[in-house]
Q: 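Could you have a look at this structure, given as structure tokens, before my questions?
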Amino acid sequence: MPFATSLKLHNPFSPTSAATGRRDLDFPAAVSPARRLRNPPRTVAMATVPTNDGAPWINGHPHINGHAHSYAPALAPHVAFQGAPGAYSEFAAKTAVPGCATVPCRTFSDAIAAVQAGQADRAILPVESTMEGTALRNYDLLLRHDLVISQEVNLFVHYCLLAMPGVRPAELRRVISHPMALAHCGRALAQLGLHRREPVEDTAGAVEMLRSHRLLDTAAIASPRAALLYGLDVLADGLQDESWNVTRFLLLSPKSSTPPLLPPNPKTSMVIAHRGGSMVVLLKVLSAFSRRNINLTKLEIINSSASENKAPVMILDIRGKGSLRAFPQILYVDFEGSTEDPRVKEAIDEISQFSVFVRILGCYAANPNVYDLQ
Ligand SMILES: O=C(O)C(=O)C[C@]1(C(=O)O)C=C[C@@H](O)C=C1
């Protein structure tokens, strides 16, 4: 994993700058941080409980009706996500594209492949969390493929301890979940005396495993919605060590042949590869934006040449036929403004002159809301 340095110029996740409480989607509600922290946990019923019985499996997960998992009109957009039905990523997909059909995939690569194979219209990836910073592995995936970021969505991740119906906390001997969820709940698990922790591919996959193997000595960490979906008991909630735990997801779409409509309140993500002198390049990039009054919302420095063991970042050069190129030093930059804005065009032109490679990863509507899924 390349070395990453994160400079927090503006943290869209921070309680002061996040959700405005605007209710612009039915599912789920965006809440103001103050309201969310005051309110007791709330659970929201989801549609039908998916079971594995007789349902065909695609990418390692059950597909209901031979296609997407969730019940949605045939023409609804299909969004691929990593995990079992009930994973946080699935909720993120439904938040970003209300009414979509979700396509469960075993890995993030499978989710991207599903879009490339035409099995899904879009894929959703978690890319950043307030507790862990940038998920570089998912950024790596994004760079290796020719998909564009078309939306962002921030979810409040609320972890619960789930067990089979009737199981008492004293009967539990181990806990299973996504490695991130286990890491985020370390303190609470220690207090509960749950020292045996085993990682699985996703939070809902852990719940599915409890259910299908009827594990009576094992708990899973997942969302209250996963508890409802699979009929498990919630033994404890709000398990995360930090009360403010938000994950940012990006929705990826195939590149459109027609120029996309300019989104409201646009934001652009780009990657800049350069040769050496990180600090000098950084200052030049900052200057190109600041002289044009363009605000940055993310800046991440990846320097894999700082250590001999780190592999360079591979980026698909989408010009011409498209080939993978290796770059040891890159910057990820998100900024306010659209690629059609003359100030932005000038800044990108200037940066292109002193860098070795620049790729725009997407221009999409900035979404400052934090959605509460519980
Ligand atoms: O396991 C899940 O439910 C997921 O959607 C994946 C994922 C992640 O990979 O970051 C998403 C959010 C949570 O922080 C934990 C795990």
Side-chain angles (χ1 to χ4, degrees), residues 6-14 17-18 20 22 24 96 122 127-128 134 139 142-143 145-154 248-302 313 315-323 325 327 329-369:
S6 200
L7 295 188
K8 289 205 182 323
L9 299 171
H10 160 75
N11 183 355
F13 301 158
S14 74
S17 63
T20 54
R22 188 164 61 92
D24 54 359
R122 288 163 230 176
V127 291
E128 209 172 311
T134 298
Y139 264 98
L142 170 58
L143 297 184
H145 295 91
D146 189 11
L147 297 180
V148 292
I149 305 170
S150 52
Q151 247 171 285
E152 66 174 351
V153 63
N154 297 317
R248 177 177 179 231
F249 294 82
L250 295 178
L251 196 73
L252 308 181
S253 308
K255 251 188 30 223
S256 147
S257 46
T258 51
L261 289 175
L262 210 59
N265 195 15
K267 175 174 183 178
T268 301
S269 295
M270 73 188 287
V271 60
I272 301 162
H274 60 95
R275 228 175 254 121
S278 280
M279 288 306 146
V280 176
V281 174
L282 180 61
L283 288 175
K284 285 183 175 174
V285 169
L286 292 178
S287 150
F289 286 112
S290 74
R291 277 187 289 107
R292 294 172 179 94
N293 252 332
I294 301 171
N295 279 332
L296 301 196
T297 56
K298 178 185 175 77
L299 175 60
E300 183 104 22
I301 306 168
I302 311 290
V313 178
I315 308 182
L316 184 72
D317 186 346
I318 50 180
R319 296 166 301 191
K321 271 198 189 152
S323 55
R325 297 174 61 188
F327 297 106
Q329 291 172 313
I330 63 165
L331 303 175
Y332 289 115
V333 184
D334 286 358
F335 57 86
E336 289 169 4
S338 101
T339 42
E340 295 306 307
D341 181 334
R343 289 173 313 142
V344 168
K345 285 184 175 177
E346 276 178 26
I348 294 174
D349 280 351
E350 184 176 320
I351 292 168
S352 305
Q353 281 161 30
F354 59 80
S355 55
V356 285
F357 180 73
V358 163
R359 184 174 139 196
I360 301 296
L361 301 173
C363 176
Y364 48 98
N367 186 351
N369 291 325

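The structure presented is a predicted model; accordingly, all values stated were derived computationally and were not measured.
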Q: Is there side-chain contact between Lys298 and Thr134, with heavy atoms separated by less than 4.5 Å?
A: yes

Q: Are Leu282 and Met279 packed together at the side-chain level, in the sense that at least one heavy-atom pair is separated by less than 4.5 angstrom?
A: yes

Q: Which atoms form the tightest heavy-atom contact between Ile360 and Met270, and what is the distance?
A: CD1-CB, 3.9 Å

Q: How close do Pro263 and Pro266 get, heavy atom to heavy atom, and via which atoms?
A: O-CD, 3.6 Å

Q: Sequence neighbours excluded, which residues qualify as side chain to side chain contact (heavy atoms under 4.5 Å, CB included) partners of Ser290?
A: none

Q: Evaluate the side-chain proximity of Leu316 to Arg359: yes if any heavy-atom separation is below 4.5 Å, no if none is.
A: yes

Q: Counting only heavy atoms not in Arg325, do more than 12 fall under 6.0 Å of its CZ?
A: yes

Q: Could you please spell out the steps behind the side chain to side chain contact (heavy atoms under 4.5 Å, CB included) verdict for Asp341 and Ile294?
A: CA-CA 11 Å; Asp341 181 334; Ile294 301 171; over 6 Å; no

Q: Taking the six-membered ring for Trp, are Phe335 and Phe289 parallel (under 30°), tilted (30 to 60°) or perpendicular (over 60°)?
A: tilted

Q: Working to the nearest 0.5 Å, report the span between NZ of Lys284 and OG of Ser355.
A: 9.5 Å

Q: For the residue pair Ile149 and Leu252, establish whether any side-chain heavy-atom pair is separated by less than 4.5 Å.
A: yes

Q: Quick check: do Leu299 and Leu286 have side-chain heavy atoms less than 4.5 Å from each other?
A: yes

Q: Output the distance between atom CD1 (Ile272) and atom CD1 (Ile302), rounded to the nearest 0.5 Å.
A: 12.5 Å

Q: With a 3.5 Å distance limit and no angle check, can you tell me whether Arg248 reaches the backbone of Glu152 through a side-chain donor-acceptor pair?
A: no

Q: Who passes side chain to side chain contact (heavy atoms under 4.5 Å, CB included) against Leu283, sequence neighbours left out?
A: none

Q: Verify whether one side chain among Asp334 and Ser269 offers a donor that lies under 3.5 Å from an acceptor in the other.
A: yes

Q: Could you go through the side chain to side chain contact (heavy atoms under 4.5 Å, CB included) check for Val271 and Leu142 one step at a time?
A: CA-CA 11 Å; Val271 60; Leu142 170 58; over 6 Å; no

Q: Do you know which two heavy atoms are closest between Val153 and Ala96, and how far apart they sit?
A: CG1-CB, 4.3 Å

Q: Can you check side chain to side chain contact (heavy atoms under 4.5 Å, CB included) on Phe354 and Val285, steps first, answer last?
A: CA-CA 9 Å; Phe354 59 80; Val285 169; 3.9 Å; yes

Q: How far apart are the closest heavy atoms of Ser253 and Ser150, and which atoms are they?
A: OG-OG, 2.6 Å

Q: With a 4.5 Å limit on heavy-atom distance, are the side chains of Leu361 and Leu250 in contact?
A: no

Q: Testing the basics here: between Pro254 and Val148, what is the closest heavy-atom pair and its distance to 0.1 Å?
A: O-CG2, 4.2 Å

